[in-house]
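Keep in mind the model is a prediction, meaning the values are calculated, not measured.
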Amino acid sequence: MSDLRGGIDLGGTKIQTVIVDGEGDVHGEARAPTPTEGGPADVARAMEDALREAAAVAGAKPDDLRGVGVGSPGDADGKTGVVSGARNLPGWEGSFPLGETLAEALSCEVRIGNDVQVAVEGEHALGAGRGLDSLLGVWWGTGVGGGIVLDGKPWLGRGAAAEIGHMVVKRNGARCPCGRRGCMEAYAGRAAMEAKARRDLAKGVETDLFHVMKKRGKDRLTSSVWEHALREGDALTESLLRRAIRYLGTGIASAVNLLDVEAVVIGGGLGVRFGDRFMDDLAAEMHKHLFVADDPPKMQVAELGDLGGAVGASLLVVS
Ligand SMILES: [Zn+2]
């Protein structure tokens, strides 16, 4: 058997696959749009095809691989390979045996993990968190996800740890996409930020955000729309991003007060795009709330880029 293994990052808009060796070097990659219609079986088939394509680029067949790891949204059960409630995927409100289905289709072992957690583990093994014993990953995108490494090992709790986006940063605060109030994600998640921008627009606040969105052929405020509107000097864009940074800083500080990690790694669509630009502001917001302020954790942007989630997922395959 070769040393090669596969990794699949299953996202709401795209499926990214990689073939990597034991050192984490990428030998092949392929991506495909995530099906927007059908159900879990259709998504699994698209994942299979994209993995086969990456394997072909690497000169391998799926059954040559040591295994395939999958980073999945929703409730991904690493023991059973079942994924439940992946609501941003078509027809996936219930449970689907993703691990078993892919293992049969690809004739190799398949392991399933949480998408953000595996991306954070990738950064720990190969990226911004290399060599550290402890880190907190904060994935700032449509929502705000998290991942924790303690004593060099992932901390999953009973399976639901690191949901930093749903730490309460304001009692009875803004409504969160999760249905509760005052979560960090209610202020910092891209979906919540878009909802706030639309409410402000309806109230008559002037903004170019939605012109930029249309000009770029989008129907949602993607990370690139936020970036272009910021570059054009749109005031609402800047104020909503700064508001997000304030609440991110507050929530991260609380997590650091609890865990005392060596580093905080910021990833996700908005995190990678705006991390460098706003890192000093984010650190300053965090510092305001640190109980022990003289030795703050290192603040870093995720280093593995677009392939990070898939490379991290490949690490689920045990050598
Ligand atoms: Zn929430």
Side-chain angles (χ1 to χ4, degrees), residues 5-18 30-52 54 62 65 67-122 137 139 141-148 154-166 177-179 185 189 191 267-269 307-318:
R5 56 209 66 195
I8 305 179
D9 181 17
L10 173 57
T13 52
K14 71 170 195 283
I15 294 163
Q16 174 71 56
T17 64
V18 293
R31 78 183 59 178
T34 306
T36 52
E37 287 171 5
D42 301 288
V43 176
R45 211 163 300 122
M47 293 169 76
E48 178 199 341
D49 291 345
L51 194 280
R52 282 186 190 285
L65 304 174
V68 173
V70 177
S72 170
D75 178 5
D77 187 326
K79 289 200 184 82
T80 61
V82 170
V83 173
S84 312
R87 287 185 182 79
N88 56 350
L89 300 175
W92 209 315
E93 291 78 19
S95 296
F96 181 77
L98 182 63
E100 198 184 309
T101 305
L102 284 174
E104 239 166 63
L106 296 167
S107 307
C108 72
E109 190 187 335
V110 173
R111 288 181 175 267
I112 306 283
N114 170 271
D115 51 357
V116 176
Q117 181 67 37
V118 301
V120 172
E121 286 172 41
W139 255 235
T142 306
V144 182
I148 300 172
W155 173 259
L156 308 178
R158 291 176 296 159
E163 290 293 356
I164 191 169
H166 305 284
C178 78
E185 183 173 310
L307 301 184
V311 171
S314 76
L315 301 175
L316 289 169
V317 179
V318 185

Asks: Work out which heavy atom in A76 is nearest to a heavy atom in G113; give both atom names and the distance.
Replies: CB-O, 3.6 Å
Asks: By side-chain contact (heavy atoms from CB on, under 4.5 Å), which residues pair with V144, not counting sequence neighbours?
Replies: V138, W140, I164, M184, E185, A188, L248
Asks: Might you point out which heavy atoms bring A313 and G71 nearest each other, and give the distance in Å?
Replies: CB-N, 3.5 Å
Asks: Side chains of residues 81-96: which donor-acceptor pairs under 3.5 Å do they make with residues two or more places apart or in other chains?
Replies:
unit_1: S84; atom_1: OG; unit_2: S95; atom_2: OG; d: 2.8
unit_1: W92; atom_1: NE1; unit_2: V83; atom_2: O; d: 2.9

Asks: Could you check whether any side-chain heavy atom of L106 comes within less than 4.5 Å of a side-chain heavy atom of L51, counting everything from C-beta outward?
Replies: yes
Asks: Please collect all salt bridge (charged side-chain N to carboxylate O under 4.0 Å, His left out) contacts where either partner lies in residues 71-80, sequence neighbours excluded, each pair once.
Replies: none
Asks: Drop me the distance from M47's CE to L102's CG, to the nearest 0.5 angstrom.
Replies: 5.0 Å
Asks: For A103, give me all partners under side-chain contact (heavy atoms from CB on, under 4.5 Å), at least two apart in sequence or on another chain.
Replies: V110
Asks: Filter on side-chain hydrogen bond (donor to acceptor under 3.5 Å, both in side chains), then keep only pairs touching residues 98-115, sequence neighbours left out; what's left?
Replies: E109-R111
Asks: Kindly write out the residues that satisfy side-chain contact (heavy atoms from CB on, under 4.5 Å) with A30, not counting sequence neighbours, or none if the list is empty.
Replies: T17, E53, A54
Asks: To the nearest 0.5 Å, what is the distance between CG (L98) and CG (L10)?
Replies: 7.0 Å
Asks: Between side-chain atoms of residues 37-45 and protein atoms elsewhere (two or more places apart, or another chain), which donor-acceptor pairs fall under 3.5 Å?
Replies:
unit_1: D42; atom_1: OD2; unit_2: G39; atom_2: N; d: 2.8

Asks: About how many Å separate CD1 of I15 and CD1 of I8, when rounded to the nearest 0.5 Å?
Replies: 8.0 Å
Asks: With sequence neighbours excluded, tell me which residues meet side chain to side chain donor-acceptor pair (under 3.5 Å) with Q16.
Replies: E29, R31
Asks: For residues V118 and L316, determine if any side-chain heavy atom of one lies less than 4.5 Å from a side-chain heavy atom of the other.
Replies: yes
Asks: Considering all heavy atoms of both residues, which atom of A105 and which atom of R52 are nearest to each other, and what is their separation?
Replies: O-NH2, 2.9 Å
Asks: I need the L307 CG to S314 OG distance, nearest 0.5 Å.
Replies: 10.5 Å
Asks: Minimum heavy-atom separation for Q117 and G147, please, with both atom names.
Replies: OE1-CA, 3.3 Å
Asks: Could you check whether any side-chain heavy atom of T13 comes within less than 4.5 Å of a side-chain heavy atom of P33, counting everything from C-beta outward?
Replies: no
Asks: Using 0.5 Å steps for rounding, measure from the CD atom of E121 to the CG atom of L315.
Replies: 7.5 Å
